[in-house]
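What follows is a set of notes on a single structure, which appears directly below.
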Amino acid sequence: MTVFTVFFIIFLLTLMVITALAIVQTKNLFAAAMLSGIFSLMSAMIFFLLDAADVALTEAAVGAGISTVLFLGALALTAENERAGTAGRAAALAVVTVITAVLVYATFDMPRLGDPNAPAQLHVAPWYLEKTPEYIDVPNVVTAVLASFRGYDTLGETFVVFTAGIGVLFLLGKAPVGQPKVSPAMTFAGKTGLRHYQIPRVVGRLLIPFILLFALYVQFHGDYSPGGGFQAGVIVAASVVLYALLEGEEQARQALPAWLLRLMAATGPLIYGFTGVACMLLGGNFLDYSVLAHDPVHGQHYGILVIEAGVGVTVTGVLISIFHSFAARGAK
Amino acid sequence: MIYYAVIVAILVTMALALARALIGPTVYDRVLAVNMLGTKTVLLLAVAAFFIGRPDFLDLALTYALINFIGVLAVLEFFRVRAQRSLAEEKEGE
């Protein structure tokens with residue numbers, strides 16, 4: 001890492017701090033949503049400069065893409081400005097100050113950036129780097145670690161995504177009882193979306209197949225380049241959201257009905273788990289893909305492809321369900 | 001050398017766009033600023049990919065370009081909904 005890159009990162013961090021302060025300070029919720037999108041763009045840039053392209057891709061797709069859309073969907077249900085809260089400000093400030101001080105103190109124990117003696121460089125990382133060509137033989141070591149060496153963790157993460165989806169659907173899935181229905185034109189994406197605006201519609205419809213193609217590339221090329229199931233799932237969800245924005249949410253719901261989305265959300269963890277069980281039935285350990293083919297390395301490749309597909313299906317199902325549950329909720 | 005010049009130029013543009021997003025004053029300034037920041041990030045990612053010697057990371061810039069477009073459409077839809085609602089409220093008021 002050159003001195004220039006360090007300055008580059010410091011500059012971006014400074015802009016991030018300014019953005020964060022502005023998010024706290026502004027009362028306009030729309031401005032806060034836009035600024036949080038900017039914040040996310042910059043943090044993705046920093047991940048990228050630190051050579052963590054997989055993380056940067058996730059941050060780009062989730063932070064700057066889907067969550068901005070979800071924020072806007074939620075904002076369409078609320079008032080324009082944050083209500084001023086005055087109660088307990090001093091206490092809140094005190095708590096934040098203490099926690100900040102403790103966290104800053106904790107950073108003194110952290111190894112310096114790029115320290116060769118840091119635990120991260122000495123513990124299992126060298127072993128992963130050394131053994132990946134031998135055991136798994138994929139160029140993107142991140143995928144090897146995520147899907148194979150640390151397959152259990154990723155299985156857990158897939159269940160976390162699934163559980164979080166269930167939680168959100170419990171809270172938002174059903175329309176509140178006793179509230180007046182509003183016309184679909186006044187809900188986010190609603191019945192028509194931007195259908196009457198020709199230019200976005202034509203350009204957007206042209207883009208959807210390419211976005212899906214790109215998502216498939218990110219999904220199945222994850223062994224070779226940044227990407228994988230999580231990122232691809234978000235990109236697929238983004239393309240469906242784009243369709244919903246252009247043609248109306250009802251149309252998108254007809255194309256991908258709610259039951260199908262729920263089924264997708266549940267199928268992913270099942271695919272993942274059953275891959276592990278299949279490995280056990282073939283005589284290996286749980287999620288030890290080497291037994292899936294005659295050649296252990298090929299077995300690893302098959303295993304990674306299948307479980308990444310499972311992750312992708314879950315993420316897609318959960319994210320589109322969340323988008324629908326925001327969009328379908330009529331504003332007051 | 002050319003990379004340094006380009007990166008610094010893009011960073012300065014980003015800072016200016018951020019300033020516009022912070023100051024406002026209207027929402028349209030902010031939308032435009034965010035859109036511009038998105039574009040600059042795509043450029044910056046593309047330049048940085050070559051600068052740090054990983055041109056295969058251009059995928060990221062591609063993701064950004066696609067996602068940014070969806071974000072802008074979401075903003076448009078948000079304003080359409082808001083306009084519809086204020087229209088309906090005016091009618092109720094009459």
Side-chain angles (χ1 to χ4, degrees), chain A residues 4-5 8 11-12 15 18-19 22 28 30-31 34-35 37-38 41-42 44-45 48-49 51 53 56-57 60-61 64-66 68-69 72-73 75-76 80 182-183 185-190 193-194 197 200 203-204 207 210-211 214 217-218 225-227 231 235 238-239 241-242 245-246 331, chain B residues 3-4 7-8 11-12 14-15 17-19 21-24 27 29-31 33-38 40-42 44-45 48-49 51-54 56-89:
Chain A
F4 183 74
T5 319
F8 197 170
F11 184 80
L12 285 172
L15 291 188
I18 295 171
T19 316
N28 185 313
F30 174 76
M34 289 292 97
L35 288 171
I38 295 178
L41 283 173
M42 288 170 185
M45 194 66 221
F48 179 72
L49 289 172
D51 222 4
L57 190 56
I66 282 285
T68 309
V69 176
L72 290 172
L75 264 185
E80 189 156 350
V182 269
S183 88
M186 278 183 268
T187 56
F188 194 65
L194 295 163
Y197 300 82
V203 178
L207 268 177
F210 291 105
I211 297 180
F214 182 66
Y217 162 76
V218 170
S225 58
Q231 294 90 338
I235 297 173
S239 71
V241 167
L242 175 58
L245 288 172
L246 293 173
Chain B
Y3 288 136
Y4 292 95
I7 288 174
V8 170
L11 283 177
V12 170
M14 278 176 89
L18 180 66
L22 295 180
I23 305 168
V27 281
D29 292 317
R30 294 185 208 274
V31 174
V34 173
N35 193 9
M36 186 169 160
L37 260 167
K40 294 304 148 207
T41 314
V42 174
L44 193 58
L45 275 169
F51 176 67
I52 63 173
R54 304 289 295 267
D56 48 323
F57 284 4
L58 270 177
D59 289 3
L60 262 156
L62 200 56
T63 315
Y64 258 42
L66 293 174
I67 294 277
N68 203 30
F69 175 67
I70 300 174
V72 171
L73 285 187
V75 170
L76 292 178
E77 172 63 17
F78 174 69
F79 283 116
R80 189 193 64 81
V81 172
R82 182 153 281 181
Q84 289 274 350
R85 216 180 313 156
S86 61
L87 223 99
E89 271 162 23

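Within every chain, numbering begins at 1; the chains are lettered A, B, ... in the order of the sequence lines, protein sequences first and strands thereafter. Only a predicted model underlies this, so the values are computations on that prediction, with no experimental measurement involved.
Looking at A:Leu12, only its side chain comes within 4.5 Å of chain B, counting heavy atoms on both sides. Proximity to chain A is limited to the side chain of B:Ile52, based on heavy atoms less than 4.5 angstrom apart. Looking at B:Leu60, both its backbone and its side chain come within 4.5 Å of chain A, counting heavy atoms on both sides. In this structure, chain B has no heavy atom under 4.5 Å from any part of A:Thr68. For a residue to count as touching a neighbouring chain, one of its non-hydrogen atoms must lie under 4.5 Å from one of that chain's; by this rule B:Ala49 touches chain A with backbone and side chain alike. Neither the backbone nor the side chain of B:Val72 comes within contact range of chain A; no heavy atom of the residue lies under 4.5 Å from a heavy atom of that chain. Contact annotation for A:Phe48: both backbone and side-chain heavy atoms come within less than 4.5 Å of a heavy atom of chain B. Looking at B:Phe69, the atoms closer than 4.5 Å to chain A (heavy atoms on both sides) all sit in the side chain, from C-beta outward. For B:Ile7, the part sitting under 4.5 Å from any heavy atom of chain A is the side chain, from C-beta outward, and nothing else.
A heavy-atom distance below 4.5 Å is not found between the side chains of B:Leu66 and A:Ile235. Counting only heavy atoms from C-beta outward, the side chains of B:Ile70 and A:Ile211 approach each other to under 4.5 Å. Under the 4.5 Å side-chain criterion, counting only non-hydrogen atoms from C-beta, A:Ile38 is in contact with B:Leu18. Residues B:Glu77 and A:Leu72 have side chains not in contact (no heavy-atom distance under 4.5 Å, counting atoms from C-beta outward). Between B:Ile67 and A:Ile66 there is no side-chain heavy-atom pair separated by less than 4.5 Å.
B:Leu44 CG to A:Met42 CE: the interatomic distance, rounded to the nearest 0.5 Å, is 10.0 Å. Interatomic distance, A:Gln231 CD to B:Thr63 OG1, rounded to the nearest 0.5 Å: 9.0 Å. Rounding to the nearest 0.5 Å gives a distance of 4.0 Å between OG1 of B:Thr41 and CG of A:Leu41.
The candidate from A:Ala60, A:Gly65, A:Gly73 with the greatest count of non-hydrogen atom pairs under 4.5 Å with chain B is A:Ala60. Top candidate by heavy-atom pairs under 4.5 Å with chain A, chosen from B:Ala33, B:Ala48, B:Gly38, is B:Ala48. Ranked by heavy-atom pairs under 4.5 Å with chain A, the list B:Leu45, B:Val31, B:Val8, B:Leu87 is led by B:Leu45. Considering only heavy-atom pairs separated by less than 4.5 Å from chain B, the leading option among A:Asp51, A:Asn28, A:Ile18 is A:Asp51. For the set A:Ser225, A:Ala31, A:Pro200, A:Gly37, the entry with the most heavy-atom pairs within less than 4.5 Å of chain B is A:Ala31. Taking chain B as the reference chain and counting heavy-atom pairs below 4.5 Å, the highest number among A:Tyr217, A:Tyr197, A:Phe214 is found for A:Phe214. Residue with the most contacts toward chain A among B:Arg30, B:Met14, B:Arg82: B:Arg82 (heavy-atom pairs, distance under 4.5 Å).
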| request: Apply ring-ring contact (aromatic ring centres under 6.0 Å, His included) to B:Phe51 and A:Phe8, showing your working. | output: CA-CA 12 Å; B:Phe51 176 67; A:Phe8 197 170; 7.0 Å; no

| Would A:Leu246 and B:Leu73 count as a side chain to side chain contact (heavy atoms under 4.5 Å, CB included) if you check the C-alpha gap in whole Å, the side-chain angles of each, and the deciding distance to 0.1 Å? | CA-CA 8 Å; A:Leu246 293 173; B:Leu73 285 187; 3.8 Å; yes

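Taking the six-membered ring for Trp and the full ring otherwise, the centers of B:Tyr3 and A:Phe4 sit at least 6.0 Å from each other.
Across A:Leu35 and B:Ala21, no two heavy atoms sit closer than the pair CD2-CB, 4.3 Å. Heavy-atom minimum distance, A:Phe11 versus B:Ala15: CZ-CB, 4.1 Å.
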